[in-house]
Amino acid sequence: MTQSVAMTINGRRREDHVEPRLLLVHYLREVAGLTGTHIACDTSQCGACTVLIDGEAVKSCSVFTVQANGRQVTTIEGLAEDGVLHPVQQAFWNEHGLQCGFCTPGFIMAAAYLLKQNPSPTDEEIERGLEGNLCRCTGYENIRKAVRSASQAMNGTAAEPSAQLVGSAAAPVED
Amino acid sequence: MITAPFEYARPGSVDETQSLLNKYGSDAKVIAGGQSLIPLMRLRLSQPTALIDIQGIPGLNEVRRDNGSVEIGALVRHVDIQRNAMLRESLPILVEMSNDVGDNQVRNLGTIGGVIAHGDAAGDYNAAALMLDAEIITNKRRHQARDFYRDIFTTALEHDEVVTAVRFPVSTGRFAYTKFRRRLYDWAIAGVAVQETGSSWRVGYVNLATTPRRGSAVEAALAGGASAADAAAQSGSDIDPTSDVRATAEYKRHLTQVLTVRTLQKATMAA
């Protein structure tokens, strides 16, 4: 038996009929076609599936679609505005905050949430703030650097060159 | 894994929740944040035939202080506890625990009512409820925490009963909580909570038996003037750990003694 759901995903309203057991991550990927949200551990440990519900980071593999009925969902596809990368995306680009890149969408969403809560985190606060995300390539050093640099960019304390990269790097980004 | 199929309802009141629970019978489950239940359903360790989602019930997400007690609504999430200034004043040990529950993503969904109803010995707040003589308020009655935790994942809740709030005594004495684990977001291999109440100490143990445990023997030794080390040596009779993938029972017993001393020291030195 299906249930009707309506939610706003990346600013666009959708209505669908779904089985109650459909997980939000499967809904986003398979029904809404937003495959930027990744499935990795499938046991709510790794955070690769992190999205925002009403602005708060959650693991979309541990939420049923019906629970998100009526809410605002933001996925990695919804972070950039008018072709300009979100400062956290840009910082991951600049600092190469990834190795294979599979965990990256989840890390970026978790980091964007962290910086909204705490615009100037210490290194320890960055580590605590991203404790729900795993990088199996162990690329944590550059991820930490990226979050630090995003924090500086968002607080207007960044060095000039990285601010200029925003426009030029936005165009060639794929997926 | 995909969960077994189930029916889903989102009631607007506690009364409606109770009628739905009666309608769907004993295989129905109440869901709040779902951060324990959904992983269990995905492993098919739990296969409820219906989920009653209480997220929309008004009034269950409030925190109130009156007459020496703090009442925390069932839908208050870990993140709400972390950020609540009144709780930081009135029940700081719970705030300390909330910082160590899961990770940001889990804390944004998981609720105190869910932890209590799930009755997991590894659920940090359950040890706090037990050691502080909290009261668990449901649609049907008030349970004393000391009579609430019956066995592994088994509480005194009946199938048509839903936790609506938890009431703790205001506890402003010295306190500390140690959650020993290998990774930040893990459950505790062993957790030790201590709280000074008046002139005596309360001690609670997380994940060291099938239910949360109160450190009664340790408390009695402390009340009798024993040193932290001598009191901690009594912890063996307060717990009943089993061997699992994380550690042997013997290791956990030793760890509990060590952590009890450290946690008492942390509480007394922090003041």
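As a basis for the values below, the full set of heavy atoms in this structure was taken, side chains included, without hydrogen atoms, waters or symmetry mates.
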Inset, instruction - Please state whether the side chain, the backbone, both or neither of B:L184 comes within less than 4.5 Å of a heavy atom of chain A. - result: both

Inset, instruction - Identify, with sequence neighbours excluded, every residue that meets salt bridge (charged side-chain N to carboxylate O under 4.0 Å, His left out) alongside A:R21. - result: A:E19

Inset, instruction - Scan side-chain atoms only and decide if B:K266 and B:T178 contain a donor-acceptor pair under the 3.5 Å cut-off. - result: yes

Legend entry - Top of A:T43, A:L23, A:I53 for chain B proximity - count of heavy-atom pairs under 4.5 angstrom: A:L23

Inset, instruction - Pick one of side chain, backbone, both or neither for A:L134, based on which atoms fall under 4.5 Å of a heavy atom in chain B. - result: side chain

Legend entry - Non-hydrogen atoms of B:A32 and B:T111 that approach each other most closely: CB-OG1, 3.6 Å

Legend entry - Heavy-atom contact with chain A under 4.5 Å, split by part of B:D53: side chain

Inset, instruction - Report yes if some heavy atom in the side chain of A:V18 is under 4.5 Å from a heavy atom in the side chain of A:V66; otherwise report no. - result: yes

Legend entry - Part of B:L51 lying under 4.5 Å from any heavy atom of chain A: side chain

Legend entry - Engaged part of A:Y113 at the chain B interface, taking heavy atoms whose separation is under 4.5 Å: side chain

Inset, instruction - Indicate whether any N or O donor in one side chain lies under 3.5 Å from an N or O acceptor in the other, for B:R10 and A:Q3. - result: no

Legend entry - Charged N-O contact under 4.0 Å between A:E56 and B:R77: yes

Inset, instruction - Can you tell which part of B:A50 gets under 4.5 Å to a heavy atom of chain A, answering side chain, backbone, both or neither? - result: neither

Legend entry - Atom pair CG/CG of B:N61 and B:D80 - distance to nearest 0.5 Å: 7.5 Å

Inset, instruction - Can you tell which part of A:S62 gets under 4.5 Å to a heavy atom of chain B, answering side chain, backbone, both or neither? - result: both

Inset, instruction - Counting only heavy atoms closer than 4.5 Å, note whether B:M1 contacts chain A via side chain, backbone, both or neither. - result: backbone

Inset, instruction - Output the option from A:L114, A:L22, A:T50, A:L130 having the highest count of non-hydrogen pairs under 4.5 Å with chain B. - result: A:T50

Legend entry - Under 4.5 Å from a heavy atom of chain A, the part of B:P5 involved: both

Inset, instruction - Assess the side chains of A:N142 and A:Q99: does a donor N or O sit below 3.5 Å from an acceptor N or O? - result: no

Legend entry - Which portion of B:L37 sits near chain A, non-hydrogen atoms under 4.5 angstrom: neither

